[in-house]
Novice: 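Here you go, one structure.
All of these numbers come straight from a predicted model, not from anything done at the bench.
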Amino acid sequence: PRGRSAPGSPPPPTGYMHVGNLRTALYTWLIARHAGGTFILRIEDTDQGRLVEGATDVIYRTMAECGLTHDEGPDVGGPVGPYIQSERRDLYQPYAHLLVEKGAAYYCFCEKAASEEDAGDFDRADDPCRDLSPEEARQRVEAGEPYVIRQRIPHEGTTTFHDVSFGDITVENKTLDDQVLLKRDGLPTYNFANVVDDHLMGITTWYGEASTSAPPPSTICCTSLRLGHPHLRPLLPRYAGPAQQDVQAPRGPLLRGPEGPGYLTEAILNYVALLGWAPKGERSEQEIFSLSELVEAFDIAGISKSPAIFDIDKLTYFNATYLRAMAPEDFAKAAEPYIREAVKNPAIDVSAVAALLQARCEKLTEIPEKVDFFDQLPDYGVECFTNKKSKTNPEVSQAMLEAAIPALEGIGDWTADAVHDTLIALAEHLGVKNATLMWPVRIAAAGKLVTPGGAVEICHILGKDETLRRLRLGLDKLRA
(Lines give C-alpha, C1' and ligand atoms only; values in the text may rest on other atoms or scores of the structure.)
Protein backbone atom coordinates (compact mmCIF):
# COMPACT_ATOMS: atom_id res chain seq x y z
CA PRO A 1 0.00 0.00 0.00
CA ARG A 2 1.05 3.56 -0.66
CA GLY A 3 0.80 5.05 2.81
CA ARG A 4 2.45 7.20 5.42
CA SER A 5 5.07 5.51 7.58
CA ALA A 6 6.72 6.54 10.83
CA PRO A 7 8.96 4.48 13.14
CA GLY A 8 6.89 2.97 15.94
CA SER A 9 9.87 3.11 18.28
CA PRO A 10 11.93 5.95 16.87
CA PRO A 11 15.05 7.33 18.47
CA PRO A 12 14.13 9.60 21.37
CA PRO A 13 16.50 12.51 21.84
CA THR A 14 18.24 10.83 24.77
CA GLY A 15 21.62 10.05 23.22
CA TYR A 16 23.07 8.11 20.31
CA MET A 17 21.04 5.74 18.18
CA HIS A 18 21.55 2.09 19.03
CA VAL A 19 20.74 -1.07 17.13
CA GLY A 20 17.04 -1.16 18.06
CA ASN A 21 16.46 2.47 17.10
CA LEU A 22 18.33 2.15 13.83
CA ARG A 23 16.64 -1.10 12.86
CA THR A 24 13.16 0.31 13.49
CA ALA A 25 13.93 3.42 11.47
CA LEU A 26 15.51 1.37 8.68
CA TYR A 27 12.65 -1.13 8.39
CA THR A 28 10.04 1.64 8.37
CA TRP A 29 12.02 3.58 5.77
CA LEU A 30 12.42 0.48 3.59
CA ILE A 31 8.74 -0.40 3.54
CA ALA A 32 7.83 3.22 2.80
CA ARG A 33 10.29 3.45 -0.08
CA HIS A 34 9.41 -0.03 -1.38
CA ALA A 35 5.73 0.95 -1.50
CA GLY A 36 6.30 4.48 -2.81
CA GLY A 37 4.87 5.92 0.41
CA THR A 38 5.81 8.82 2.69
CA PHE A 39 8.41 8.50 5.44
CA ILE A 40 7.92 10.81 8.43
CA LEU A 41 10.51 11.65 11.07
CA ARG A 42 8.79 12.43 14.37
CA ILE A 43 10.80 13.43 17.44
CA GLU A 44 9.20 11.82 20.48
CA ASP A 45 10.46 13.89 23.40
CA THR A 46 7.60 13.70 25.89
CA ASP A 47 9.94 12.23 28.52
CA GLN A 48 11.53 15.58 29.26
CA GLY A 49 13.60 14.23 32.16
CA ARG A 50 15.69 12.07 29.83
CA LEU A 51 16.47 14.64 27.16
CA VAL A 52 20.13 15.01 26.23
CA GLU A 53 21.31 18.27 24.75
CA GLY A 54 22.35 17.84 21.14
CA ALA A 55 20.79 14.38 20.80
CA THR A 56 18.23 15.58 18.27
CA ASP A 57 21.07 16.75 16.04
CA VAL A 58 22.63 13.29 16.39
CA ILE A 59 19.38 11.79 15.09
CA TYR A 60 19.34 14.11 12.08
CA ARG A 61 23.01 13.47 11.34
CA THR A 62 22.79 9.69 11.74
CA MET A 63 19.67 9.38 9.61
CA ALA A 64 21.23 11.54 6.90
CA GLU A 65 24.51 9.65 6.98
CA CYS A 66 22.64 6.37 6.63
CA GLY A 67 20.72 7.73 3.64
CA LEU A 68 17.37 7.39 5.44
CA THR A 69 15.92 10.59 4.06
CA HIS A 70 12.52 11.71 5.33
CA ASP A 71 9.73 13.40 3.42
CA GLU A 72 8.27 15.19 6.42
CA GLY A 73 9.84 16.16 9.73
CA PRO A 74 10.88 18.99 12.03
CA ASP A 75 13.65 20.20 9.74
CA VAL A 76 11.80 19.91 6.42
CA GLY A 77 8.26 20.65 7.52
CA GLY A 78 5.09 19.10 6.16
CA PRO A 79 1.30 19.33 6.26
CA VAL A 80 0.74 17.72 9.68
CA GLY A 81 3.36 19.46 11.82
CA PRO A 82 4.70 20.23 14.27
CA TYR A 83 6.76 17.05 14.18
CA ILE A 84 8.23 17.39 17.69
CA GLN A 85 5.80 15.96 20.23
CA SER A 86 6.57 18.48 22.98
CA GLU A 87 5.40 21.18 20.56
CA ARG A 88 2.08 19.35 20.11
CA ARG A 89 1.15 19.51 23.82
CA ASP A 90 -2.21 21.20 23.26
CA LEU A 91 -3.30 18.53 20.78
CA TYR A 92 -3.22 15.64 23.28
CA GLN A 93 -5.19 17.08 26.20
CA PRO A 94 -8.60 17.18 24.47
CA TYR A 95 -8.30 13.47 23.64
CA ALA A 96 -7.32 12.59 27.20
CA HIS A 97 -10.23 14.57 28.67
CA LEU A 98 -12.59 13.05 26.10
CA LEU A 99 -11.59 9.59 27.37
CA VAL A 100 -12.42 10.75 30.89
CA GLU A 101 -15.84 11.92 29.74
CA LYS A 102 -16.45 8.54 28.09
CA GLY A 103 -15.45 6.70 31.29
CA ALA A 104 -12.46 5.16 29.53
CA ALA A 105 -10.00 7.12 31.69
CA TYR A 106 -9.95 8.83 35.08
CA TYR A 107 -8.17 11.56 37.02
CA CYS A 108 -5.61 10.15 39.46
CA PHE A 109 -4.34 12.29 42.33
CA CYS A 110 -2.13 9.66 43.97
CA GLU A 111 1.53 10.38 44.63
CA LYS A 112 3.71 8.05 42.58
CA ALA A 113 7.41 7.93 41.86
CA ALA A 114 8.27 9.68 38.61
CA SER A 115 9.49 6.47 37.00
CA GLU A 116 6.25 4.72 37.90
CA GLU A 117 4.12 7.60 36.70
CA ASP A 118 5.92 7.72 33.36
CA ALA A 119 5.70 4.00 32.77
CA GLY A 120 2.46 3.14 34.54
CA ASP A 121 3.41 -0.53 34.63
CA PHE A 122 3.83 -1.18 38.38
CA ASP A 123 2.01 -3.96 40.20
CA ARG A 124 -0.84 -2.79 42.39
CA ALA A 125 -4.44 -3.28 43.35
CA ASP A 126 -7.01 -0.99 41.79
CA ASP A 127 -5.96 2.62 42.06
CA PRO A 128 -8.22 4.28 44.67
CA CYS A 129 -8.85 7.17 42.29
CA ARG A 130 -10.43 4.76 39.80
CA ASP A 131 -13.60 4.71 41.88
CA LEU A 132 -13.88 8.45 42.50
CA SER A 133 -17.17 9.91 41.36
CA PRO A 134 -16.92 12.25 38.36
CA GLU A 135 -18.13 15.12 40.53
CA GLU A 136 -15.47 14.64 43.22
CA ALA A 137 -12.72 14.24 40.63
CA ARG A 138 -13.83 17.36 38.79
CA GLN A 139 -13.91 19.39 42.03
CA ARG A 140 -10.36 18.33 42.91
CA VAL A 141 -9.16 19.26 39.42
CA GLU A 142 -10.84 22.65 39.59
CA ALA A 143 -9.27 23.21 43.02
CA GLY A 144 -5.85 22.94 41.39
CA GLU A 145 -4.83 19.57 42.81
CA PRO A 146 -2.08 17.93 40.70
CA TYR A 147 -3.25 14.94 38.73
CA VAL A 148 -2.49 12.50 35.95
CA ILE A 149 -5.01 10.91 33.64
CA ARG A 150 -4.96 7.12 33.68
CA GLN A 151 -6.56 4.77 31.23
CA ARG A 152 -9.40 2.71 32.70
CA ILE A 153 -8.66 -0.82 31.52
CA PRO A 154 -11.68 -3.16 31.72
CA HIS A 155 -11.36 -5.81 34.43
CA GLU A 156 -12.97 -8.48 32.32
CA GLY A 157 -12.64 -9.72 28.78
CA THR A 158 -9.82 -9.64 26.29
CA THR A 159 -8.34 -7.27 23.76
CA THR A 160 -7.23 -8.44 20.32
CA PHE A 161 -4.98 -6.61 17.94
CA HIS A 162 -3.78 -7.70 14.53
CA ASP A 163 -0.14 -7.88 13.57
CA VAL A 164 0.82 -8.64 9.98
CA SER A 165 3.72 -10.84 11.09
CA PHE A 166 2.18 -12.65 14.06
CA GLY A 167 -1.50 -12.52 13.11
CA ASP A 168 -4.21 -11.87 15.72
CA ILE A 169 -2.84 -11.53 19.24
CA THR A 170 -5.25 -11.65 22.17
CA VAL A 171 -4.39 -10.42 25.66
CA GLU A 172 -6.48 -10.79 28.81
CA ASN A 173 -7.44 -7.36 30.11
CA LYS A 174 -6.78 -8.39 33.71
CA THR A 175 -3.06 -8.58 32.86
CA LEU A 176 -2.98 -4.90 31.85
CA ASP A 177 -2.37 -1.90 34.11
CA ASP A 178 -4.19 1.40 34.15
CA GLN A 179 -1.41 3.22 32.34
CA VAL A 180 -0.79 6.93 32.56
CA LEU A 181 -2.00 8.78 29.47
CA LEU A 182 -1.36 12.38 30.50
CA LYS A 183 1.35 13.24 33.04
CA ARG A 184 1.34 15.99 35.64
CA ASP A 185 3.39 18.24 33.41
CA GLY A 186 0.61 18.12 30.83
CA LEU A 187 2.60 16.03 28.38
CA PRO A 188 1.36 12.64 27.20
CA THR A 189 3.17 9.38 27.75
CA TYR A 190 4.84 7.73 24.78
CA ASN A 191 2.07 5.28 23.89
CA PHE A 192 -0.79 7.79 24.19
CA ALA A 193 1.04 10.43 22.19
CA ASN A 194 1.52 7.91 19.41
CA VAL A 195 -2.15 6.92 19.38
CA VAL A 196 -3.14 10.55 18.87
CA ASP A 197 -0.32 11.46 16.48
CA ASP A 198 -0.74 8.37 14.31
CA HIS A 199 -4.40 9.34 13.89
CA LEU A 200 -3.78 13.03 13.22
CA MET A 201 -0.81 12.39 10.92
CA GLY A 202 -2.51 9.61 8.99
CA ILE A 203 0.14 7.00 9.79
CA THR A 204 -0.66 3.71 8.06
CA THR A 205 2.45 1.71 8.85
CA TRP A 206 3.85 1.34 12.35
CA TYR A 207 6.88 -0.62 13.43
CA GLY A 208 8.07 -1.49 16.90
CA GLU A 209 10.02 -4.16 18.74
CA ALA A 210 7.97 -7.24 19.53
CA SER A 211 6.01 -6.68 22.73
CA THR A 212 2.39 -7.41 23.53
CA SER A 213 2.24 -4.86 26.36
CA ALA A 214 1.83 -1.65 24.33
CA PRO A 215 -0.66 -2.51 21.53
CA PRO A 216 -3.64 -3.63 23.70
CA PRO A 217 -4.00 -0.36 25.67
CA SER A 218 -3.50 1.55 22.43
CA THR A 219 -6.17 -0.57 20.77
CA ILE A 220 -8.57 0.12 23.65
CA CYS A 221 -7.81 3.84 23.33
CA CYS A 222 -8.51 3.79 19.62
CA THR A 223 -11.78 1.94 20.18
CA SER A 224 -12.88 4.38 22.89
CA LEU A 225 -12.03 7.39 20.74
CA ARG A 226 -13.38 5.75 17.58
CA LEU A 227 -10.06 6.22 15.83
CA GLY A 228 -8.88 4.05 12.98
CA HIS A 229 -6.11 1.51 13.44
CA PRO A 230 -2.86 1.33 11.46
CA HIS A 231 -3.33 -0.85 8.38
CA LEU A 232 0.09 -2.44 8.83
CA ARG A 233 1.60 -3.01 12.22
CA PRO A 234 4.46 -5.52 12.21
CA LEU A 235 6.17 -6.25 15.50
CA LEU A 236 9.90 -6.66 15.04
CA PRO A 237 11.59 -9.62 16.72
CA ARG A 238 13.57 -8.69 19.77
CA TYR A 239 17.32 -8.80 19.45
CA ALA A 240 19.81 -10.09 21.97
CA GLY A 241 23.38 -11.25 22.34
CA PRO A 242 24.55 -14.87 22.47
CA ALA A 243 23.30 -15.17 26.06
CA GLN A 244 20.03 -13.34 25.20
CA GLN A 245 21.11 -10.24 27.07
CA ASP A 246 20.26 -6.84 25.64
CA VAL A 247 22.94 -5.66 23.25
CA GLN A 248 23.51 -2.28 21.71
CA ALA A 249 25.47 -1.25 18.66
CA PRO A 250 28.92 0.19 19.19
CA ARG A 251 28.33 3.44 21.01
CA GLY A 252 28.98 6.78 19.40
CA PRO A 253 28.08 8.31 16.08
CA LEU A 254 28.18 6.06 13.03
CA LEU A 255 31.03 8.04 11.49
CA ARG A 256 34.26 7.02 9.82
CA GLY A 257 36.38 9.48 11.78
CA PRO A 258 38.49 8.55 14.81
CA GLU A 259 35.54 9.23 17.12
CA GLY A 260 33.44 6.51 15.50
CA PRO A 261 33.37 2.76 16.15
CA GLY A 262 35.34 1.82 13.04
CA TYR A 263 32.41 0.33 11.14
CA LEU A 264 31.32 1.62 7.76
CA THR A 265 27.78 2.94 7.67
CA GLU A 266 27.01 0.77 4.65
CA ALA A 267 28.10 -2.36 6.54
CA ILE A 268 26.05 -1.46 9.60
CA LEU A 269 22.91 -0.90 7.52
CA ASN A 270 23.41 -4.14 5.63
CA TYR A 271 23.87 -6.14 8.83
CA VAL A 272 21.03 -4.46 10.72
CA ALA A 273 18.67 -5.08 7.80
CA LEU A 274 19.30 -8.81 8.17
CA LEU A 275 18.88 -8.69 11.96
CA GLY A 276 15.39 -10.15 11.99
CA TRP A 277 14.60 -10.11 8.27
CA ALA A 278 15.59 -12.37 5.39
CA PRO A 279 15.11 -11.88 1.65
CA LYS A 280 12.87 -14.25 -0.29
CA GLY A 281 12.95 -15.77 -3.77
CA GLU A 282 15.97 -15.30 -5.99
CA ARG A 283 17.68 -13.14 -3.36
CA SER A 284 17.28 -15.69 -0.57
CA GLU A 285 21.00 -16.56 -0.57
CA GLN A 286 22.21 -12.97 -0.96
CA GLU A 287 24.01 -11.37 1.98
CA ILE A 288 25.48 -8.16 0.65
CA PHE A 289 22.89 -5.51 -0.21
CA SER A 290 23.18 -1.90 -1.21
CA LEU A 291 20.49 0.40 0.17
CA SER A 292 18.74 0.51 -3.20
CA GLU A 293 18.77 -3.30 -3.36
CA LEU A 294 17.24 -3.45 0.11
CA VAL A 295 14.44 -1.12 -1.01
CA GLU A 296 13.72 -3.42 -3.92
CA ALA A 297 13.90 -6.66 -1.91
CA PHE A 298 12.33 -5.67 1.42
CA ASP A 299 9.06 -7.39 2.20
CA ILE A 300 7.26 -7.64 5.53
CA ALA A 301 6.80 -11.36 4.88
CA GLY A 302 10.52 -11.79 5.42
CA ILE A 303 10.44 -10.52 9.02
CA SER A 304 11.24 -13.31 11.44
CA LYS A 305 9.06 -14.20 14.41
CA SER A 306 12.05 -15.48 16.39
CA PRO A 307 14.44 -13.36 18.45
CA ALA A 308 17.32 -11.96 16.42
CA ILE A 309 20.79 -12.59 17.80
CA PHE A 310 23.10 -9.60 17.58
CA ASP A 311 26.53 -10.99 16.67
CA ILE A 312 29.37 -8.48 16.72
CA ASP A 313 31.59 -10.93 14.85
CA LYS A 314 29.06 -11.11 12.03
CA LEU A 315 28.94 -7.32 11.86
CA THR A 316 32.73 -7.29 11.70
CA TYR A 317 32.61 -9.80 8.84
CA PHE A 318 30.25 -7.53 6.91
CA ASN A 319 32.49 -4.57 7.61
CA ALA A 320 35.60 -6.38 6.37
CA THR A 321 33.75 -7.37 3.20
CA TYR A 322 32.80 -3.76 2.53
CA LEU A 323 36.30 -2.48 3.30
CA ARG A 324 37.88 -4.89 0.82
CA ALA A 325 35.36 -3.99 -1.87
CA MET A 326 36.09 -0.27 -1.70
CA ALA A 327 38.02 1.47 -4.45
CA PRO A 328 41.61 1.97 -3.21
CA GLU A 329 41.28 5.73 -3.21
CA ASP A 330 38.04 5.55 -1.20
CA PHE A 331 39.60 3.23 1.33
CA ALA A 332 42.62 5.54 1.66
CA LYS A 333 40.31 8.46 2.35
CA ALA A 334 38.37 6.51 4.99
CA ALA A 335 41.56 5.16 6.58
CA GLU A 336 43.52 8.42 6.63
CA PRO A 337 42.22 9.74 9.99
CA TYR A 338 43.08 6.46 11.64
CA ILE A 339 46.52 6.26 10.02
CA ARG A 340 47.30 9.84 11.04
CA GLU A 341 46.22 9.06 14.58
CA ALA A 342 49.37 6.94 14.89
CA VAL A 343 51.60 8.20 12.08
CA LYS A 344 52.35 11.90 12.51
CA ASN A 345 55.35 12.02 10.16
CA PRO A 346 54.14 13.91 7.05
CA ALA A 347 56.80 12.18 4.95
CA ILE A 348 54.94 8.86 5.26
CA ASP A 349 52.66 8.32 2.26
CA VAL A 350 49.14 7.64 3.58
CA SER A 351 48.00 6.06 0.32
CA ALA A 352 50.92 3.61 0.38
CA VAL A 353 50.16 2.63 3.97
CA ALA A 354 46.45 2.27 3.16
CA ALA A 355 47.28 -0.07 0.29
CA LEU A 356 48.91 -2.42 2.82
CA LEU A 357 45.91 -2.31 5.12
CA GLN A 358 42.91 -2.79 2.87
CA ALA A 359 43.15 -6.58 2.60
CA ARG A 360 44.27 -6.97 6.22
CA CYS A 361 41.80 -4.76 8.08
CA GLU A 362 38.40 -5.70 9.51
CA LYS A 363 37.64 -2.44 11.32
CA LEU A 364 39.03 1.02 10.80
CA THR A 365 39.77 1.30 14.51
CA GLU A 366 42.33 -1.50 14.16
CA ILE A 367 44.53 0.69 11.97
CA PRO A 368 46.51 2.77 14.52
CA GLU A 369 48.02 -0.21 16.33
CA LYS A 370 48.87 -1.86 13.01
CA VAL A 371 50.86 1.09 11.63
CA ASP A 372 52.31 2.87 14.67
CA PHE A 373 55.79 1.50 13.87
CA PHE A 374 56.00 3.76 10.82
CA ASP A 375 56.16 6.74 13.15
CA GLN A 376 58.45 5.32 15.80
CA LEU A 377 60.43 2.10 15.94
CA PRO A 378 59.16 0.15 18.95
CA ASP A 379 61.46 -1.51 21.45
CA TYR A 380 61.89 -5.20 20.63
CA GLY A 381 64.08 -8.11 21.65
CA VAL A 382 66.51 -10.20 19.59
CA GLU A 383 64.18 -13.19 20.02
CA CYS A 384 61.99 -11.60 17.33
CA PHE A 385 64.66 -12.49 14.77
CA THR A 386 64.05 -16.20 15.35
CA ASN A 387 61.50 -17.79 13.05
CA LYS A 388 61.40 -21.50 12.38
CA LYS A 389 59.54 -21.27 9.08
CA SER A 390 61.96 -18.68 7.71
CA LYS A 391 64.89 -20.64 9.15
CA THR A 392 66.28 -17.66 11.02
CA ASN A 393 67.85 -17.10 14.41
CA PRO A 394 70.00 -14.26 15.81
CA GLU A 395 73.16 -15.58 14.14
CA VAL A 396 71.55 -16.03 10.73
CA SER A 397 69.76 -12.69 11.05
CA GLN A 398 73.04 -10.90 11.82
CA ALA A 399 74.59 -12.30 8.67
CA MET A 400 71.55 -11.30 6.62
CA LEU A 401 71.58 -7.70 7.87
CA GLU A 402 75.33 -7.41 7.36
CA ALA A 403 74.73 -8.26 3.72
CA ALA A 404 71.46 -6.32 3.26
CA ILE A 405 72.68 -2.96 4.53
CA PRO A 406 75.41 -2.38 1.89
CA ALA A 407 73.15 -3.81 -0.82
CA LEU A 408 70.38 -1.33 0.02
CA GLU A 409 72.89 1.50 0.35
CA GLY A 410 73.71 0.97 -3.32
CA ILE A 411 70.17 1.73 -4.51
CA GLY A 412 69.99 5.08 -6.32
CA ASP A 413 66.27 5.49 -7.03
CA TRP A 414 64.44 4.19 -3.95
CA THR A 415 61.39 2.56 -5.52
CA ALA A 416 59.46 -0.50 -4.43
CA ASP A 417 60.74 -2.39 -7.49
CA ALA A 418 64.33 -1.40 -6.75
CA VAL A 419 64.09 -2.59 -3.14
CA HIS A 420 62.42 -5.81 -4.23
CA ASP A 421 64.88 -6.61 -6.98
CA THR A 422 67.88 -5.81 -4.76
CA LEU A 423 66.77 -8.09 -1.93
CA ILE A 424 65.73 -10.95 -4.24
CA ALA A 425 69.08 -10.79 -6.04
CA LEU A 426 70.90 -10.71 -2.70
CA ALA A 427 69.06 -13.81 -1.42
CA GLU A 428 70.02 -15.66 -4.60
CA HIS A 429 73.64 -14.52 -4.23
CA LEU A 430 73.73 -15.69 -0.61
CA GLY A 431 72.13 -19.01 -1.51
CA VAL A 432 69.25 -18.62 0.93
CA LYS A 433 65.49 -18.62 0.56
CA ASN A 434 63.86 -15.22 0.17
CA ALA A 435 62.15 -15.56 3.55
CA THR A 436 65.47 -16.10 5.32
CA LEU A 437 66.57 -12.64 4.20
CA MET A 438 63.22 -10.88 4.31
CA TRP A 439 62.37 -11.86 7.89
CA PRO A 440 65.30 -10.11 9.63
CA VAL A 441 65.00 -7.10 7.31
CA ARG A 442 61.31 -6.73 8.19
CA ILE A 443 61.89 -7.21 11.91
CA ALA A 444 64.66 -4.63 11.96
CA ALA A 445 62.61 -2.15 9.89
CA ALA A 446 59.34 -2.55 11.82
CA GLY A 447 60.27 -3.93 15.24
CA LYS A 448 57.10 -6.05 15.27
CA LEU A 449 56.38 -9.70 14.58
CA VAL A 450 53.12 -8.97 12.75
CA THR A 451 52.88 -6.13 10.25
CA PRO A 452 50.73 -5.14 7.30
CA GLY A 453 52.96 -5.70 4.30
CA GLY A 454 56.34 -7.33 4.05
CA ALA A 455 59.93 -6.14 4.12
CA VAL A 456 59.85 -4.61 0.63
CA GLU A 457 56.71 -2.52 1.18
CA ILE A 458 57.78 -1.35 4.64
CA CYS A 459 61.27 -0.35 3.53
CA HIS A 460 59.89 1.51 0.53
CA ILE A 461 57.43 3.51 2.65
CA LEU A 462 60.02 4.31 5.33
CA GLY A 463 62.43 5.67 2.76
CA LYS A 464 66.11 4.89 2.27
CA ASP A 465 67.61 6.85 5.16
CA GLU A 466 65.14 5.66 7.80
CA THR A 467 65.31 2.07 6.57
CA LEU A 468 69.10 1.98 6.78
CA ARG A 469 69.03 3.65 10.21
CA ARG A 470 66.67 1.00 11.56
CA LEU A 471 68.57 -1.89 9.98
CA ARG A 472 71.82 -0.64 11.57
CA LEU A 473 70.09 -0.44 14.94
CA GLY A 474 68.90 -4.01 14.48
CA LEU A 475 72.38 -5.14 13.59
CA ASP A 476 73.79 -3.42 16.68
CA LYS A 477 71.14 -5.20 18.76
CA LEU A 478 72.24 -8.57 17.33
CA ARG A 479 75.95 -7.85 17.86
CA ALA A 480 75.49 -6.76 21.46
Side-chain angles (χ1 to χ4, degrees), residues 324 326-333 335-336 339-340 342-361 367 370-378 380 382 384-387 389-479:
R324 291 175 175 85
M326 294 175 75
E329 59 272 18
D330 292 336
F331 177 81
K333 183 178 179 180
E336 182 172 7
I339 294 173
R340 285 305 181 199
V343 183
K344 311 296 185 184
N345 184 356
I348 298 297
D349 184 350
V350 167
S351 296
V353 176
L356 301 183
L357 292 164
Q358 188 165 5
R360 301 173 175 89
C361 182
I367 290 176
K370 290 180 179 289
V371 300
D372 54 1
F373 67 89
F374 281 112
D375 213 49
Q376 184 174 359
L377 181 67
Y380 65 97
V382 294
C384 292
F385 286 104
T386 298
N387 183 268
K389 186 176 180 181
S390 299
K391 298 182 178 180
T392 62
N393 56 36
E395 292 75 21
V396 171
S397 294
Q398 179 177 333
M400 294 298 102
L401 290 183
E402 287 174 341
I405 291 171
L408 293 173
E409 286 176 332
I411 296 177
D413 186 10
W414 191 264
T415 65
D417 287 342
V419 174
H420 173 271
D421 294 346
T422 297
L423 291 177
I424 294 298
L426 178 60
E428 184 178 0
H429 174 73
L430 295 173
V432 298
K433 292 184 177 181
N434 292 340
T436 304
L437 175 62
M438 297 295 185
W439 182 273
V441 170
R442 185 179 63 85
I443 294 297
K448 299 179 79 169
L449 289 171
V450 179
T451 58
V456 172
E457 294 90 348
I458 292 170
C459 290
H460 174 242
I461 292 172
L462 285 172
K464 182 176 182 179
D465 291 344
E466 180 62 14
T467 295
L468 291 172
R469 185 186 75 83
R470 293 187 179 196
L471 265 58
R472 292 183 184 116
L473 288 174
L475 183 55
D476 292 341
K477 193 182 291 282
L478 289 165
R479 286 173 172 172

Novice: With side-chain contact (heavy atoms from CB on, under 4.5 Å) as the criterion, how do Asp375 and Ile348 come out once you've worked through the C-alpha distance, each side chain's angles and the decisive distance to 0.1 Å?
Specialist: CA-CA 8 Å; Asp375 213 49; Ile348 298 297; 5.6 Å; no
Novice: Please find the pair of heavy atoms, one from Val441 and one from Cys459, that lie closest to each other, and give the distance.
Specialist: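 Looks like CG1-SG, 3.8 Å.
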Novice: With a sphere of 6.0 Å drawn around NZ of Lys389, does it hold more than 12 non-hydrogen atoms of other residues, nucleotides or ligands?
Specialist: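 Counting other residues, nucleotides and ligands, NZ of Lys389 stays at 12 neighbours or fewer.
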Novice: What closest approach, in Å, do Thr392 and Pro440 show between heavy atoms, and which atom pair accounts for it?
Specialist: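 Looking at all heavy atoms of both residues, the shortest contact is CG2-CD, 4.1 Å.
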Novice: How would you list, by chain and number, every residue that makes a side chain to side chain donor-acceptor pair (under 3.5 Å) with Glu409, sequence neighbours excluded?
Specialist: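 For Glu409, the residues satisfying side chain to side chain donor-acceptor pair (under 3.5 Å) (neighbours in sequence not counted) are Arg472.
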Novice: Tell me, which pairs form a side-chain hydrogen bond (donor to acceptor under 3.5 Å, both in side chains) where one or both residues lie in residues 454-467, sequence neighbours left out?
Specialist: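 Sorted pair list: Glu466-Arg469, Glu466-Arg470.
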Novice: If every non-hydrogen atom of Leu401 is compared with every non-hydrogen atom of Gly474, which pair is closest and at what distance?
Specialist: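 Shortest heavy-atom contact: CD1-C, 4.0 Å.
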Novice: Closest approach of Ile367 and Ala335, non-hydrogen atoms and distance?
Specialist: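 So the two residues come closest at CD1-CB, 3.6 Å.
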Novice: Give every donor-acceptor pair under 3.5 Å between a side-chain atom in residues 420-427 and any protein atom, sequence neighbours left out.
Specialist:
residue, atom, partner, partner atom, Å
Thr422, OG1, Ala418, O, 2.7

Novice: Return the set of residues passing ring-ring contact (aromatic ring centres under 6.0 Å, His included) with Phe331 (not counting sequence neighbours), or none when no residue passes.
Specialist: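 Scan of Phe331 (ring-ring contact (aromatic ring centres under 6.0 Å, His included), adjacent residues dropped) gives none.
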Novice: With sequence neighbours left out, write down each residue that passes side chain to side chain donor-acceptor pair (under 3.5 Å) with Arg360, or none if nothing qualifies.
Specialist: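 Partners of Arg360 under the side chain to side chain donor-acceptor pair (under 3.5 Å) test: none.
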Novice: Could you list the residues that satisfy side chain to side chain contact (heavy atoms under 4.5 Å, CB included) with Pro328, not counting sequence neighbours?
Specialist: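 Checked Pro328 against side chain to side chain contact (heavy atoms under 4.5 Å, CB included); matches are Gln358.
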Novice: Excluding sequence neighbours, so at least two apart, what forms side chain to side chain donor-acceptor pair (under 3.5 Å) with Gln398?
Specialist: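 Glu402.
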Novice: Who pairs with Arg340 by side chain to side chain donor-acceptor pair (under 3.5 Å), at least two apart in sequence or on another chain?
Specialist: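 With sequence neighbours excluded, Arg340 shows a side chain to side chain donor-acceptor pair (under 3.5 Å) to no residue whatsoever.
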Novice: According to side-chain hydrogen bond (donor to acceptor under 3.5 Å, both in side chains), does anything in residues 425-439 pair up with another residue at least two apart or in another chain? List the pairs.
Specialist: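 As it turns out, there is no side-chain hydrogen bond (donor to acceptor under 3.5 Å, both in side chains) pair with a partner in residues 425-439 once direct neighbours are skipped.
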Novice: Return a table of donor-acceptor pairs under 3.5 angstrom between the side chains of residues 445-454 and protein atoms on other chains or two or more places apart.
Specialist:
residue, atom, partner, partner atom, Å
Lys448, NZ, Glu369, O, 2.6
Lys448, NZ, Asp372, OD1, 3.1
Thr451, OG1, Arg442, NH1, 3.0
Thr451, OG1, Gly453, O, 3.0

Novice: The criterion is side chain to side chain contact (heavy atoms under 4.5 Å, CB included); which residues satisfy it with Ala347, sequence neighbours excluded?
Specialist: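 Asn345.
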Novice: Who passes ring-ring contact (aromatic ring centres under 6.0 Å, His included) against Tyr380, sequence neighbours left out?
Specialist: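 For Tyr380 the ring-ring contact (aromatic ring centres under 6.0 Å, His included) partners, ignoring immediate neighbours, are Phe385.
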Novice: Which pair of heavy atoms, one from Ile411 and one from Val419, lies closest together, and at what distance?
Specialist: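 Result for this residue pair: CD1-CA, 3.9 Å.
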